[in-house]
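For reference, the structure is listed below as structure tokens.
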Amino acid sequence: MVNSASSNFGDVLTSITMEIDQPGADDPRFSYVVLLTPVFSQIANKQAESCPVTARCVVNDGQFLVIEEPRRTLDVPGGSSRSEYVGFVLQSTNCARPARCEQFVDFDSVARLLEAQGTLTVRFHYQLHADGERIAECRMDLRQSPDAPYVPWLADHLKNKGWVLLPCRPDQ
């Protein structure tokens, strides 16, 4: 998030949604649900024991801890930028366009939908009070290597690990 309205005044994020590029006119769009803090640590299990009372801490593989905190108002100080990890529940009950989200039923169906194509494109629509609407787009190449043919792998990886890091393509 970047506040370009004024260096003298802060700005407030009023809404953020994530849209997943799918065939068809209206792409599924999901609302921001939680703030996330990812922690890679050798002692993730021990750190999870002191999880804040208002948060949920999830340990994966014993070395990856995710701290989920309730959604809150996000502000951006004047003339600055800020980076936050926000979480979206990819389920029909959290969909801004219910007719386009009927296939987002459970973990397995979502994972299969995300890996259906060799490229995954997501758009983050965020509304700042003073700056107005901004859109950030990220295209992710799901091929194991740039020269390899696409072979679906994401769903199995998510099922085994529970998470994945996918960088945006460099041409973005």
Side-chain angles (χ1 to χ4, degrees), residues 1-2 11-40 55-56 58 60-61 64-74 76 81-129 131-172:
M1 300 179 302
V2 177
D11 208 344
V12 176
L13 185 74
T14 58
S15 71
I16 184 168
T17 59
M18 182 180 76
E19 182 179 64
I20 300 172
D21 196 33
Q22 297 278 302
D26 291 326
D27 293 323
R29 191 180 285 193
F30 302 92
S31 299
Y32 148 58
V33 176
V34 296
L35 279 174
L36 302 170
T37 304
V39 179
F40 290 92
R56 180 174 90 117
V58 179
N60 192 320
D61 286 344
F64 181 53
L65 169 67
V66 177
I67 303 168
E68 292 182 3
E69 298 177 79
R71 179 170 77 175
R72 67 173 184 262
T73 301
L74 300 175
V76 185
S81 63
R82 183 171 169 174
S83 177
E84 295 284 355
Y85 293 94
V86 293
F88 302 86
V89 175
L90 304 184
Q91 202 167 32
S92 57
T93 56
N94 187 42
C95 187
R97 297 174 176 158
R100 291 295 296 154
C101 300
E102 293 168 345
Q103 67 270 46
F104 289 81
V105 177
D106 55 21
F107 184 87
D108 290 332
S109 65
V110 171
R112 298 275 176 234
L113 283 166
L114 293 179
E115 76 170 4
Q117 302 171 35
T119 302
L120 176 62
T121 301
V122 295
R123 285 177 213 85
F124 299 94
H125 297 259
Y126 58 100
Q127 181 77 35
L128 294 161
H129 178 71
D131 272 0
E133 184 179 19
R134 300 279 189 250
I135 299 172
E137 183 174 286
C138 178
R139 285 190 190 104
M140 295 155 279
D141 191 344
L142 298 180
R143 292 177 296 170
Q144 296 288 357
S145 70
D147 302 330
Y150 176 61
V151 177
W153 62 272
L154 182 63
D156 289 335
H157 180 86
L158 288 171
K159 200 172 211 173
N160 293 330
K161 292 279 191 183
W163 62 277
V164 66
L165 296 174
L166 296 170
C168 289
R169 286 193 340 210
D171 61 323
Q172 293 293 299

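Excluded from the calculations below are hydrogen atoms, water molecules and symmetry mates; all remaining heavy atoms, backbone and side chain alike, are included. It should be emphasised that the depicted structure is a prediction, and the values quoted were computed from it without experimental measurement.
Lys159 is listed as a side-chain neighbour of Asp108, based on a closest heavy-atom distance under 4.5 Å. No side-chain heavy atom of Val33 sits under 4.5 Å from any side-chain heavy atom of Glu68. Using a 4.5 Å heavy-atom cutoff, the side chains of Leu142 and Leu166 are in contact.
Formation of a donor-acceptor pair under 3.5 Å by the Trp153 side chain with backbone atoms of Glu115 is not found in this model. No donor-acceptor pair under 3.5 Å is formed between the side chain of Asp131 and the backbone N or O of Asp11. For Arg71 (side chain) and Tyr32 (main-chain N/O), a donor-acceptor pair under 3.5 Å exists by modelled atom type.
The distance from atom CZ of Phe124 to atom SG of Cys138, rounded to the nearest 0.5 Å, is 7.0 Å. To the nearest 0.5 Å, atom CG of residue Leu13 and atom OG1 of residue Thr73 are 8.5 Å apart. Between atom CG of residue Asn94 and atom CZ of residue Phe104 there is a gap of 11.5 Å, rounded to the nearest 0.5 Å. A distance of 9.5 Å separates SG in Cys95 from CD in Glu102, rounded to the nearest 0.5 Å. To the nearest 0.5 Å, atom CG of residue Leu35 and atom CD1 of residue Ile67 are 11.5 Å apart. Here CG of Leu154 is found 6.0 Å from CG of Leu114. Values are rounded to the nearest 0.5 Å.
For Tyr85, the side-chain contact (heavy atoms from CB on, under 4.5 Å) partners two or more places apart in sequence, or in a different chain, are Leu36, Pro38. By the salt bridge (charged side-chain N to carboxylate O under 4.0 Å, His left out) test, Glu19 pairs with Arg29, Arg97, Arg123, sequence neighbours left out. Annotation: side-chain contact (heavy atoms from CB on, under 4.5 Å) contacts of Thr14 (sequence neighbours excluded): Gln127, His129.
Annotation for Ser92 and Cys101: closest pair CB-O, 3.3 Å, computed over non-hydrogen atoms. When all heavy atoms of Pro28 and Phe30 are compared, the closest pair comes out as CB-CE1, 3.8 Å. Nearest heavy atom pair, residue Val105 against residue Gln91, reads O-NE2, 3.2 Å. Of all non-hydrogen atoms in Met140 and Val122, the two that sit nearest each other are CE-CG2, 3.8 Å.
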field: CA sep, side-chain torsions, deciding dist, call: Leu113, Ile20, side chain to side chain contact (heavy atoms under 4.5 Å, CB included)
entry: CA-CA 10 Å; Leu113 283 166; Ile20 300 172; over 6 Å; no
field: Stepwise side chain to side chain contact (heavy atoms under 4.5 Å, CB included) test for Asp21 and Arg139
entry: CA-CA 10 Å; Asp21 196 33; Arg139 285 190 190 104; over 6 Å; no
field: Evaluation steps, side chain to side chain contact (heavy atoms under 4.5 Å, CB included), between Glu137 and Thr121
entry: CA-CA 7 Å; Glu137 183 174 286; Thr121 301; 3.9 Å; yes
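Annotation for Arg56: atom CZ does not count as buried by contact number, only 12 or fewer foreign heavy atoms lying within 6.0 Å.
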